[in-house]
Structures are given as C-alpha cells and as structure tokens.
Amino acid sequence: MAGRSGRGENTAAQRRSALLAWYRAQARDLPWRVSPGARAAGVRADPYRVWLSEIMLQQTTVQAVKGYFDTFTARWPTVGALAAAPRDDVLAAWAGLGYYARARNLHACAEVVARDHGGRFPDTVEGLQALPGIGPYTARAVAAIAFDRPVVPMDGNVERVMARLHAVETPLPAAKPELARLADAFEGGEDPGDIAQALMDLGATVCTPRAPACVLCPLREGCAAAARGIAADLPRKAPKAAKPRRFGIAFWVTRADGAVLVRRRPDEGLLGGMVEFPSTPWGDEMPGLQAARAHAPVDAAGGWVLVPGRVAHVFTHFALELAVARPRCAAGARLPEGAFWAHPRDFGALALPTVMRKVARLALDEAG
DNA sequence: TAGTCGTGGCA
DNA sequence: TTGCCAAGACT
C-alpha cells in the first residue's frame, strides 16, 4: 500500500492540509483563542490563558466555561496574580464549575509557576506535566498551542475522530494506545497548535458523539467509518456500572440575624475544600430524624422538623437525595468546632458547590 | 487498573 | 425520567 493515494485514501499530509483549511475557514471565536489570522500575523497565545482554559475545559463544555474564564482573567490577569490570591477566593470563584480538585490544583500550579519558574510556564511537555493538575492531555495541549511543540493532545474529541477515521472497533478505554498511535500521523507538520485545535473543533462541531455531520467533514474522504456507515456507532465503549443512590439529612441552623451555620469540608475527596451545610453521613437509605440527631451540629432542645421537599443531585458515580432539617425552636448559639456563620446574602462569595446551593434554595424558599 | 471526582444539557 | 455526554487528573 505504500505510496498509494487513490480514491478513499489520503496521505497524512493531505489530511493535515484539509483539516487546517477547514479550521482556518470556519473561524470559531473563543475567548482564549488567538484566531488563525492573528496567529499568522505573529500574535502569540498567552500560555497563562491557554493553560487556564484547558484546565477549565477538562470534562466541561465550552458553554459552561466561557463565563468562568472571563471572570478569572478579569480578576487575575496573570499567573502571578492568581498565585497571590487567597485559595478560598479561587475556590469560591470556581464554585459551580465542578471537579473541585481542578481549582485546588490550579492555585497550587500557579504558586509553583510563580515561585519556581519566575512566572513563566515551562515550554516542554515534560516540564508542563510535572506541574499540579497538568496531565498528559493538558501538557500536550499547552505545549502545542502556546509553544508550537509538534505534539497532538489526546482528548475525547481526538480519540473519537481517530476511531472513526480508521474504523477502530476496540472499545474504550482499551483502544486508547491504538488511537494515540493513529493520531501520530497528524504530528510533525507546521502549526501544531492549529492542528491540535482543529482536531478538537472537528470533534466538537462535526465529528460529534451523536449524529456526526459527515457531509461537512474535511476528512470524509478516507474516513473508514463513514464509508461503512458506522460513524455514529464509534467509538465503542465498555459498559458502565449503574449509579448507586445515597441519602442524607442536611441541618439548616440559623441565627437571629439570619446567618446560617456552615463548615468547610476536608481537603481530600468529594467536594474537597468546599463549604457545606452540616449533614448526616450519606448512606444507603434515608435516616430517621432520631438517628440523624446524633450527627446534628447543635443541640436543638425542641427537636428537629423536616423542611418540605427534597434536594436531588447527581454526582459522577452516585445520585444523592437530601432532606433538610431545621430546629423546631431557636437553637443554642454555641458554635461547633470547625463551623462558622454565613449570611445568605454572602453565599455568592462562598465556595458553596451546586448541591449545597440547592439545599439553601429549598430552605430559603420555605422561609419565604 | 479501576475508582474517584461535578455539573448542566440533551435525546 | 433516565442515561449519556463534555478539551482528564489523580490515586
């Protein structure tokens, strides 16, 4: 087959060329992107903005990221500014975006870059990947986009494009090494940053998970899955385990001035470092009020009463249902160890994850 | 290696 | 309603 390039077969160079032409013509405008035109005119991408966007975009949609990216870059325009910020401010600004280890690592990474690298990001894959929160994908993405390193970052988009282009039937994640080898064919040319972004754009807008728009695809000629009519069926994936359900009771304790009792979660694990309303442990069934009382943050002399309604929230690997209890009468104002008071008007500046904002909404709606 | 770790949108 | 999905990293 060597040297052949007939109908339905494209050389690697032809594919790169077709992909770049498509990318430069479609001009997708994103806040962290330097347009191909500006790039050709010599404008360089800011490694800080590229890095920040790539961290935010991990497992997260462009639409969800845009507002957060604007907020972060307006508030902390440089990696040095971000490093100098209190970590709680960064966590609070990240609240609602999810995967909070990213926010902790983001701040840790900024500190390392500011302190150990003079405020400049390393310009190699190896140097980048040594930083907190930067793995194989992000290291290659930043290296290609910000530093013109000839590498292809392997993300879900690129894996999907490769699986279809070559009709790889092996299910993920077992197919990952093979897909990475196939992507190597897109390395080596000029403009590795544009190639990287073009492959991801293609996956995001044309070679989509459902109902791919093959008729619009610059790589259609030579796509094995399209030729066989199975593009929408690839990549195949190993079946996932069912999500267990968990239940708990959150305690809504208010002070005379309306402030609510909150506490900070441990740094490790689920919602690490974020703020929550005290609750029972989250178990296999909804506890009764009597059993829940042992976990209450304060002693309610008049007992506890349930707020009407429930909070439902789905995490990555389990679904949670929370009831909310409040003291029947005014509770003792003694502050439990590790807890503090926060007024609802200040919740916006607090690192409250979405599930806890739902709890607040339920409790505040009842209060009127 | 296989779990853990959020959230919102969509069919 | 339910499950699936999105520019992964870490342990």
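Chain naming here is simple, since letters A, B, ... match the order of the sequence lines and numbering starts at 1 in each. In what follows, every heavy atom counts, from backbone to side chain, and hydrogens, waters and symmetry copies are set aside.
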Carefully, step by step, assess A/R104 and A/R87 under the rule side chain to side chain contact (heavy atoms under 4.5 Å, CB included). CA-CA 8 Å; A/R104 287 178 263 131; A/R87 196 186 77 150; 3.5 Å; yes

Of all pairs that satisfy ring-ring contact (aromatic ring centres under 6.0 Å, His included), the ones with a partner from residues 261-290 of chain A, not counting sequence neighbours: A/W252-A/F277, A/F277-A/F347

Please give me the minimum heavy-atom distance between A/A167 and A/R228, naming the atom from each residue. CB-NH1, 3.5 Å

Minimum heavy-atom separation for A/M286 to A/I249, with atom names? SD-CG1, 3.9 Å

Considering every strand and a 4.0 Å limit on heavy-atom distances, what is the contact class for A/W32: base, sugar-phosphate, or nothing? base

Identify, with sequence neighbours excluded, every residue that meets ring-ring contact (aromatic ring centres under 6.0 Å, His included) alongside A/F251. A/W304

5'-most contact on DNA chain C (nearest-nucleotide basis), A/E268 vs A/A242, goes to A/A242

Taking the six-membered ring for Trp and the single ring otherwise, decide whether the centroids of A/F72 and A/F69 are under 6.0 Å apart. no

Check the pair A/F340 / A/V262 against side chain to side chain contact (heavy atoms under 4.5 Å, CB included), numbers first and verdict last. CA-CA 6 Å; A/F340 58 99; A/V262 295; 3.4 Å; yes

Take nucleotides 5-11 of chain B nucleotide by nucleotide from the 5' end and write B, S or -, depending on whether a protein heavy atom sits under 4.0 Å from the base, only from the sugar-phosphate, or from neither. BBBS---

Below 4.0 angstrom, which residues in residues 171-205 of chain A have at least one non-hydrogen atom near DNA chain C? A/M200

For A/R357, report the nucleic acid contact type (base, sugar-phosphate, nothing); a contact means any heavy atom under 4.0 Å. nothing

Separation of C/dA6 atom P from A/I55 atom CD1, nearest Å, is 19 Å

Quantified in whole Å, what is the P atom distance between nucleotide B/dG3 and nucleotide C/dC4? 16 Å

Members of residues 126-155 of chain A that approach DNA chain C, where some heavy atom sits under 4.0 Å away: A/P132, A/G133, A/I134, A/G135, A/P136, A/Y137, A/T138, A/D155

Per the ring-ring contact (aromatic ring centres under 6.0 Å, His included) rule, what does the pair list look like for residues 104-123 of chain A, sequence neighbours excluded? A/W51-A/F121

For A/R265, answer base if it contacts any base atom (sugar-phosphate contacts may also be present), sugar-phosphate if it contacts only those atoms, and nothing otherwise; contact means non-hydrogen atoms under 4.0 Å. nothing

What I want to check is whether the side chains of A/K243 and A/H317 have a donor and an acceptor closer together than 3.5 Å. no

Checking A/Q58 against A/R102: is there a side-chain donor and acceptor pair closer than 3.5 Å? no

Check whether the side chains of A/T11 and A/Q14 place a donor and an acceptor atom closer than 3.5 Å, and report yes or no. yes

In whole angstrom, give the distance that lies between atom CZ of A/R245 and atom C1' of C/dT2. 11 Å

Please classify the nucleic acid contact of A/V62 as base, sugar-phosphate, or nothing, using heavy-atom distances under 4.0 Å. base

